[in-house]
Amino acid sequence: MYDIVIVGAGVVGCAIARELSKYDLKICLLEKEDDVSTGASKANSGIVHGGYAAKYGTLKGKLCVKGNAMFEKLNQELNFGYRNTGALVIGFDENDEKTIKGLYENGLKIGCDDLEIIGADRIREIEPYINEEVKVALYAKSVGVASPYEMTIALAENAIKNGVKLKLDSAVTGITKEGDHFKVKTENEEIESRYIINAAGLYSDMIANMVGIYDFEIHPRRGQYILFGKDQRYLVNTVYSRFLQKKERVFLLPPPIMVTL
Ligand SMILES: Cc1cc2nc3c(=O)[nH]c(=O)nc-3n(C[C@H](O)[C@H](O)[C@H](O)COP(=O)(O)OP(=O)(O)OC[C@H]3O[C@@H](n4cnc5c(N)ncnc54)[C@H](O)[C@@H]3O)c2cc1C
C-alpha cells in the first residue's frame with residue numbers, strides 16, 4: 001500500500017513527487033507515456049513568469065510570484081538550466097501606455113517588487129534592435145527562462161533518488177474507493193493508496209471524473225511558434241506585445257521578422 005499515488009509525470013507531478021519525497025512517505029508516480037515530460041511540460045516557452053499579468057486575488061498570481069523567487073535556488077540544487085533575463089511588455093502609443101500602467105498596478109497589488117515603467121531611451125539600452133516606434137514598456141526584471149523538460153527530468157530523478165517509485169507506460173484507467181483507501185487501476189495492475197494527487201495536466205478532468213468530481217472541464221487550445229536560429233541574436237530579454245494589431249512591429253531590423261506573441 002502506498003501513502004500517495006501521483007497521476008502524471010509532467011512538471012507539476014514531478015515537482016510534487018520531489019517535494020513529498022523529503023518526508024517519510026511511500027510514493028508512486030504514475031505516467032501513461034514511456035517517459036516523464038511528454039505532455040505540455042516538454043514544449044512550452046520556458047518562461048518563468050513574474051506574476052504581474054495574473055489577475056489580482058487569484059491563486060495563480062500568488063503562486064507565480066512565490067514560484068519565481070524559488071527558481072535561483074532550485075536551479076542551484078538541480079542544475080536544469082535557468083537564466084534571469086527580464087522581460088519587456090512594449091507599447092507604441094498612449095493607449096498602450098494606459099494598458100501598461102494597468103499591468104504595473106496589478107503587479108504591485110499581487111506583490112511583484114521588480115517592476116518599472118521605462119521610456120524609449122532605456123528600452124533601446126536594453127533591446128538595441130527594437131522597433132523605433134516603441135515608446136514605453138513595462139520592465140519586469142524577475143522574469144526568466146528555464147529548460148522545462150530538463151527541469152522536469154531533474155525533479156523526477158531527484159524524487160526517484162529519494163525513494164519515489166516511478167511507473168511509466170502506466171495509464172490510470174479507473175479509481176475505486178475501498179474503505180479508507182483507493183484502488184488505482186492502470187493498464188498493467190491495481191495499486192492501493194491512501195491518497196491520490198491528480199497532476200494529469202490536460203487529462204486531469206478525466207481523472208477527477210473517476211472519483212465523481214465533475215465541476216471542471218479542460219478545453220485544450222493550439223498555438224503557433226516561430227523559432228529563431230541561434231545566429232539571430234536580436235533579442236536580449238523576453239519581449240511581449242499585448243497589442244495584437246502591432247504584433248509584427250517588434251523589430252526594427254531587416255529582414256522583416258514576424259513574431260506571434
Ligand atoms: C504552447 C505553450 C506554451 C507555454 N508556455 C509557458 C511558459 O512559458 N511558462 C510557463 O510557466 N508555462 C507555460 N505553459 C504552461 C505549462 O507548459 C503547463 O502549465 C505545464 O507544463 C503543465 O504541467 P503539468 O505537469 O500540469 O502537465 P503535463 O506536462 O501535460 O503533464 C501531465 C502528465 O500526465 C500524464 N497523464 C495524463 N493522463 C494520465 C493518466 N490517465 N494516467 C497516467 N498519466 C497520465 C500525461 O501523459 C502527462 O505526462 C505553456 C503551455 C503551452 C501549451
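For ligands, and for the atoms within them, numbers begin at 1 and follow the listed sequence. The chain is numbered in sequence order, starting from 1.
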message: At less than 4.0 angstrom from any non-hydrogen atom of Ala200, what atoms of ligand 1 do you find?
response: 32 (C), 34 (O), 37 (C), 38 (N)
query: Any non-hydrogen atom of Cys14 lying under 4.0 Å from ligand 1?
result: no
query: Do Met151 and Val48 sit in the same hydrophobic cluster, where Ile, Leu, Val, Met, Phe, Trp and Tyr count as joined when their side-chain heavy atoms come under 4.5 Å apart?
result: yes
task: Following the transitive rule for hydrophobic clusters with a side-chain heavy-atom cut-off under 4.5 Å over Ile, Leu, Val, Met, Phe, Trp and Tyr, establish whether Leu29 and Val5 coincide in one cluster.
output: no
query: Where is the tightest heavy-atom contact between Val65 and Gly51, given as atom of each residue plus distance?
result: CG2-CA, 4.3 Å
query: Is ligand 1 under 4.0 Å from a heavy atom in the side chain of His49, in the backbone, in both, or in neither?
result: side chain
- prompt: Is Glu77 salt-bridged to Arg18, going by a charged N under 4.0 Å from an acidic O?
  reply: yes
task: Considering the heavy atoms of Tyr203, write down every atom of ligand 1 situated less than 4.0 Å from one of them.
output: 37 (C), 38 (N)
task: Flag this pair as yes if the NZ/CZ of Lys109 is under 6.0 angstrom from the six-membered ring centre of Tyr104 and inside a 45 degree cone about the axis; otherwise no.
output: no
query: Do any N/O atoms on Leu202 end up under 3.5 angstrom from N/O atoms on ligand 1?
result: no
field: Contact check: Glu31 vs ligand 1, nitrogen or oxygen atoms, below 3.5 angstrom
entry: yes
field: Side chain, backbone, both or neither: Val7 near ligand 1, heavy atoms under 4.0 Å
entry: side chain
query: Which class fits the ring pair Phe80 and Phe71: parallel under 30°, tilted 30 to 60°, perpendicular over 60°?
result: perpendicular
- prompt: Given Leu30, Asn44, Asp35, which one has a non-hydrogen atom that is nearest to atom 14 (N) of ligand 1?
  reply: Asn44
- prompt: Taking 4.0 angstrom as the limit, do Asp3 and Lys26 come out as a salt bridge?
  reply: no
query: Counting both backbone and side chain atoms, is some N or O of Ala43 under 3.5 Å from an N or O of ligand 1?
result: no
statement: Per side chain to side chain contact (heavy atoms under 4.5 Å, CB included), Ile175 is matched among Val211, Ile191, Asn198 by Val211
- prompt: Atom CG of Asn162 and atom NZ of Lys22: how far apart are they, to the nearest 0.5 Å?
  reply: 9.0 Å
query: Atoms of ligand 1 less than 4.0 Å from Glu33 heavy atoms?
result: 47 (O)
query: Would one find more than 12 heavy atoms of other residues, nucleotides or ligands at under 6.0 Å from atom NZ of Lys161?
result: no
message: Out of all atoms in ligand 1, which are within 4.0 Å of some heavy atom of Gly201? Include the element for each.
response: 26 (O), 27 (O), 32 (C)
task: Report yes or no: is the cationic atom of Lys42 (NZ for Lys, CZ for Arg) under 6.0 Å from the centre of the six-membered ring of Tyr149, at an angle within 45° of the ring normal?
output: no
Numbering as shown, the atoms of ligand 1 that approach Ile207 to under 4.0 Å (heavy-atom distance): 41 (N)
message: Measuring from atom 7 (C) of ligand 1, which candidate in Asn68, Ile47, Asp34 has the nearest non-hydrogen atom?
response: Ile47
query: When only distance counts, is Val11 in polar contact with ligand 1, meaning an N/O pair under 3.5 Å?
result: yes
- prompt: Among Ser37, Ser41, Gly10, whose heavy atom sits nearest atom 23 (O) of ligand 1?
  reply: Ser41
- prompt: Hey, looking at atom 41 (N) of ligand 1, which of Leu168, Val36, Val172 has the closest heavy atom?
  reply: Val172
query: Which of the listed options, Ser45, Pro148, Ser204, Ala199, holds the heavy atom that is closest to atom 5 (N) of ligand 1?
result: Ser45
